Each structure stands twice: as structure tokens, then as C-alpha cells.
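Since the structure is predicted, the reported quantities are computational estimates derived from the model, not experimental observations. Each ligand, and each atom within it, is numbered from 1 in the order the structure gives.
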Amino acid sequence: MFKNEYDVVIVGAGPGGSATAKTCAERGLDVAVFEKRQEIGSPKRCAEGLSSDAVELLGLKIPSKCIAQKINGALIYAPNGKCIEIDYGRTAGYILERKVFDKWLAEEAVRAGAKVFSKTKVTNVVKKSGFVRGVKINFEGKKMSVKSKVTVAADGVESKISRLAGLNTTNKLVNIDSGYQWEMVGIDLEDPKKIVLYFGNSIAPRGYVWIFPKGKDKANVGIGVAMTKKPAKEYLERFVESRPELKKGSITEVNSGGIPVGGFLRNMVLNGFLVVGDAAHQVNPIHGGGMKEATIAGRIAGNVIADSVEKGDVSKKSLGKYNELWWKQRGVHLEKIEKLRQVFEKLSDEELNELVDYLKGEDLVEFSRGRKLTRLAKLLMKKPKLIKLAKHLL
Ligand SMILES: Cc1cc2nc3c(=O)[nH]c(=O)nc-3n(C[C@H](O)[C@H](O)[C@H](O)COP(=O)(O)OP(=O)(O)OC[C@H]3O[C@@H](n4cnc5c(N)ncnc54)[C@H](O)[C@@H]3O)c2cc1C
């Protein structure tokens, strides 16, 4: 089954790893993906939301088995309880079955020619003459070394592989949110086709509570908050306790994990090595969604790897094209969104309430995509106290 040499070895079969693997395999490379979990995608660490725009941009033909619920809009609650409704009147997003989706992505990589090995933990990297030359793996107690021309760390937010390779990807605590979620059933939903978000410094400091429906009486009910405050779990418990429509439900899954919300890396490559996805902090800093970003990065990385292998040059300089392309296509844009997050987290509940009075649902969607930020800055400038914050956006 296992060979002792591949062109490319990828650590982790999340969206980032599978996208890199599929792209490399489509470009004719010999690829192995090693995934430490015994079942790809499980346990999920995700609210499973993906917008239709992302699906279209990525050109994904997602099979219906991966979709739990189609979404047509959102209900967004300000701290004072005022609700902004967004209704697209059409499918605008999906709540996926991440366990099925991640497995499907891995299967697509296999169909393109990659090999995937579950329950195979990468325990270290192999370095030779200043290059990363492969990895050490452990498959159910069987230990072996696998050589590769390029090694990819797609090992998620708790990534260790980059540091073992010699690339310091440690993120500042301030750039990591703590995510905690219950999949709940037997609850009442306002509208099973709308995601619901609650903002407020006492509800979820710096973050929000989300309800992402997965059926008529079923949803991912979760929270993302700044790491430095009380544990996310306490905030969620308090929120659910205060809502009779949720409190009466059952918890069928508990999911938790860190969410990078900034701290993008200028350099993501070494000789024979690069890093993608959460492991490289490639997440939308305002809503914490990372599936789209990991997939885009994986595709960029896959093409740069294929070009480098084809020309027989997998040096840091050659793989550095990935830094250049990612920053141009995503980094510059995501950094703008990071600034927006930094502004939002400084607003008091009263300021958030006031802002909501001026905004429409479409504005919020645009802001979360890093667009129309000048409009937001102008609104903030109406309040002398907020001028400094507004300037941060310009
Ligand atoms: C609570 C929460 C809610 C979220 N909600 C959303 C959402 O609604 N929408 C969205 O788009 N994003 C969401 N995210 C973020 C999203 O889950 C991640 O951004 C996304 O999974 C990143 O993909 P990835 O491939 O980079 O990493 P991952 O999906 O984390 O995959 C990394 C893989 O590497 C494997 N691995 C790690 N170390 C090793 C090793 N040594 N050897 C072998 N395998 C290894 C892991 O087992 C894992 O399977 C959420 C995150 C959290 C925590």
C-alpha cells in the first residue's frame, strides 16, 4: 500500500490538504495524503456553513449527500435585540454535513490520482541538506519514513508540522478565537432556512453566537469568542439557558476548536515545504470561515508545486511563488477584513446598536466580504469618539 517515495506528501485531509492533493494529482504528480484521524472529517470542528458564492467561485459540484440544509438568508441580532433580516429569496448558502463533505473532497482527490491514508499520523519531517525531504509516519503502530520532493503542512489550526520543518507559524493569542458548539435537536427555529447570529459584548465578546439550521428542529448552536476571556463554553451555556426554544433541546454532538482570525504569514514556504489552510491562518477574520480559504490556498499551492517539480526546482525561491500569488489573490483582501474585525471588537454595545440603525442587511454581507468599508468608515466618523477607529479602515 505505502510506497516509500512520492512527489508530494500532504499532512492532513481537511479541505486544504484535499484541494492541494487534487490539484497536484491533476497536474500529474504522484501524491500521498496522510490523515491521522481514523475517519476523515470526523469529529467535525465546524459550523458547516458555506456560501453559494464560495461554492460557485470554487466550481464545486457538491453532491446532495453533503448538504444538510439550504439557506436563503440570515437574521442578525444587535445587542439591544434589534433584528436585521437578510432574505435573498433564493439559495444563498449551505449548511453542510462536514463529515461527508470532507470525505467527498478526499475521494475527489483520490479520483484525480492521489493516494489517501487515514489513521496515519505524521510524527516528524525528514530534513537533508537544508531541504525538507519527506516525513516519518505511524500507521497503526507501523512506523516508516516516506520521501518526497515537496511536503505540505495542511494540518489545521494546531499545526505542528511547520514548526518541526523550521517554519515558525505560531500565531498570537489575540489572533485566535475559541470556538465551541453543540449540535442540537428538538429545538424551535425561527426560520429553518435562515442562519441566526447574535452580537453583543456580554453574549460573545469579539465574536458572535450562531444558529446554523440543519433541519426543521436541528441546528449547530455555537459561539466564537476571543481566547483571553472566559471559556467559550460558559458563554454558550449561558446563552442557551436564556432561550426556552433552545434550552428544551438535546445535545447530539459537542464540537470545539481554535479559529485563527488574523496574523497572516508573509512567508509560508521553505526548501521543499509549504503550509496551507488553518495551519497558515488562512481564515476570514470577521466570520471565521476557513473552508473556502483553505481550498483556494490549496489550489494555488498545488499549481506552484507542480510548476516547481516540473522544472526540477523545489527550492524556497521557486515555491515562494505561492507566497506571491496567495497574497495577491487573498492576503491583501483578508488583511482588510482583519482591520474590520479590529474595529468591530472595539465597539461598545451602544455603538453597535447605533450602527445597526444605519445599516441594511446587504451592508453587513458586503462588510463581511471586505467590501464597502469606506461606507462603514464614513458612518463611524459621524461619532467623534470613533474617528480613530474609522481611520483604521481607510
Ligand atoms: C467551532 C468552529 C466552527 C467553524 N465554522 C466554520 C464554518 O461554518 N464555515 C467555514 O468555512 N469554516 C468554519 N470553521 C473553520 C474551518 O473548520 C477550518 O477553517 C477548515 O477546516 C480548515 O481546513 P484545513 O484543511 O486547513 O484544516 P482542517 O480541516 O483542520 O484539517 C486538518 C487535518 O489535518 C489532520 N492532521 C493534523 N495533524 C496531523 C498529523 N500530524 N498527521 C496527519 N494528519 C494530521 C487533522 O486530523 C485534520 O483532519 C469553523 C471552525 C471551528 C473551530
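Taking the six-membered ring where the residue is Trp, the centroids of Tyr198 and Tyr208 are separated by 6.0 Å or more. Phe139 and Phe2 have their aromatic ring centers within a separation under 6.0 angstrom.
Closest of all the heavy-atom pairs between Tyr6 and Asp30 is CB-O, 3.6 Å.
Applying the under-4.5 Å side-chain rule to Ile, Leu, Val, Met, Phe, Trp and Tyr, the cluster around Val261 extends to Ile259, Val283.
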### Message
Test side chain to side chain donor-acceptor pair (under 3.5 Å) on Lys36 and Thr120; report intermediate values, then the result.
### Response
CA-CA 5 Å; Lys36 70 178 177 184; Thr120 306; over 6 Å; no

Taking a 3.5 Å cut-off between nitrogen or oxygen atoms, can you list every pair linking ligand 1 to the protein, with distances?
{"from": "ligand 1", "atom 1": "5 (N)", "to": "Ala47", "atom 2": "N", "distance (Å)": "2.8"}
{"from": "ligand 1", "atom 1": "8 (O)", "to": "Glu48", "atom 2": "N", "distance (Å)": "3.2"}
{"from": "ligand 1", "atom 1": "8 (O)", "to": "Gly49", "atom 2": "N", "distance (Å)": "2.9"}
{"from": "ligand 1", "atom 1": "9 (N)", "to": "Gly49", "atom 2": "O", "distance (Å)": "2.9"}
{"from": "ligand 1", "atom 1": "11 (O)", "to": "Gly290", "atom 2": "N", "distance (Å)": "3.1"}
{"from": "ligand 1", "atom 1": "11 (O)", "to": "Met291", "atom 2": "N", "distance (Å)": "3.0"}
{"from": "ligand 1", "atom 1": "12 (N)", "to": "Gly290", "atom 2": "N", "distance (Å)": "3.0"}
{"from": "ligand 1", "atom 1": "17 (O)", "to": "Arg45", "atom 2": "O", "distance (Å)": "3.3"}
{"from": "ligand 1", "atom 1": "17 (O)", "to": "Arg98", "atom 2": "NH1", "distance (Å)": "2.9"}
{"from": "ligand 1", "atom 1": "19 (O)", "to": "Asp278", "atom 2": "OD1", "distance (Å)": "2.7"}
{"from": "ligand 1", "atom 1": "19 (O)", "to": "Asp278", "atom 2": "OD2", "distance (Å)": "3.4"}
{"from": "ligand 1", "atom 1": "21 (O)", "to": "Arg98", "atom 2": "NH1", "distance (Å)": "3.2"}
{"from": "ligand 1", "atom 1": "21 (O)", "to": "Arg98", "atom 2": "NH2", "distance (Å)": "2.8"}
{"from": "ligand 1", "atom 1": "25 (O)", "to": "Pro15", "atom 2": "N", "distance (Å)": "3.2"}
{"from": "ligand 1", "atom 1": "25 (O)", "to": "Gly16", "atom 2": "N", "distance (Å)": "2.8"}
{"from": "ligand 1", "atom 1": "26 (O)", "to": "Asp278", "atom 2": "N", "distance (Å)": "2.9"}
{"from": "ligand 1", "atom 1": "29 (O)", "to": "Arg98", "atom 2": "NH2", "distance (Å)": "3.3"}
{"from": "ligand 1", "atom 1": "41 (N)", "to": "Val122", "atom 2": "O", "distance (Å)": "3.0"}
{"from": "ligand 1", "atom 1": "42 (N)", "to": "Val122", "atom 2": "N", "distance (Å)": "3.0"}
{"from": "ligand 1", "atom 1": "44 (N)", "to": "Lys36", "atom 2": "N", "distance (Å)": "3.0"}
{"from": "ligand 1", "atom 1": "47 (O)", "to": "Glu35", "atom 2": "OE2", "distance (Å)": "2.6"}
{"from": "ligand 1", "atom 1": "47 (O)", "to": "Arg37", "atom 2": "NE", "distance (Å)": "3.1"}
{"from": "ligand 1", "atom 1": "49 (O)", "to": "Glu35", "atom 2": "OE1", "distance (Å)": "2.6"}
{"from": "ligand 1", "atom 1": "49 (O)", "to": "Glu35", "atom 2": "OE2", "distance (Å)": "3.1"}
{"from": "ligand 1", "atom 1": "49 (O)", "to": "Arg37", "atom 2": "NE", "distance (Å)": "3.4"}

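Side chains of Asn168 and Thr170: a donor on one and an acceptor on the other come within 3.5 Å.
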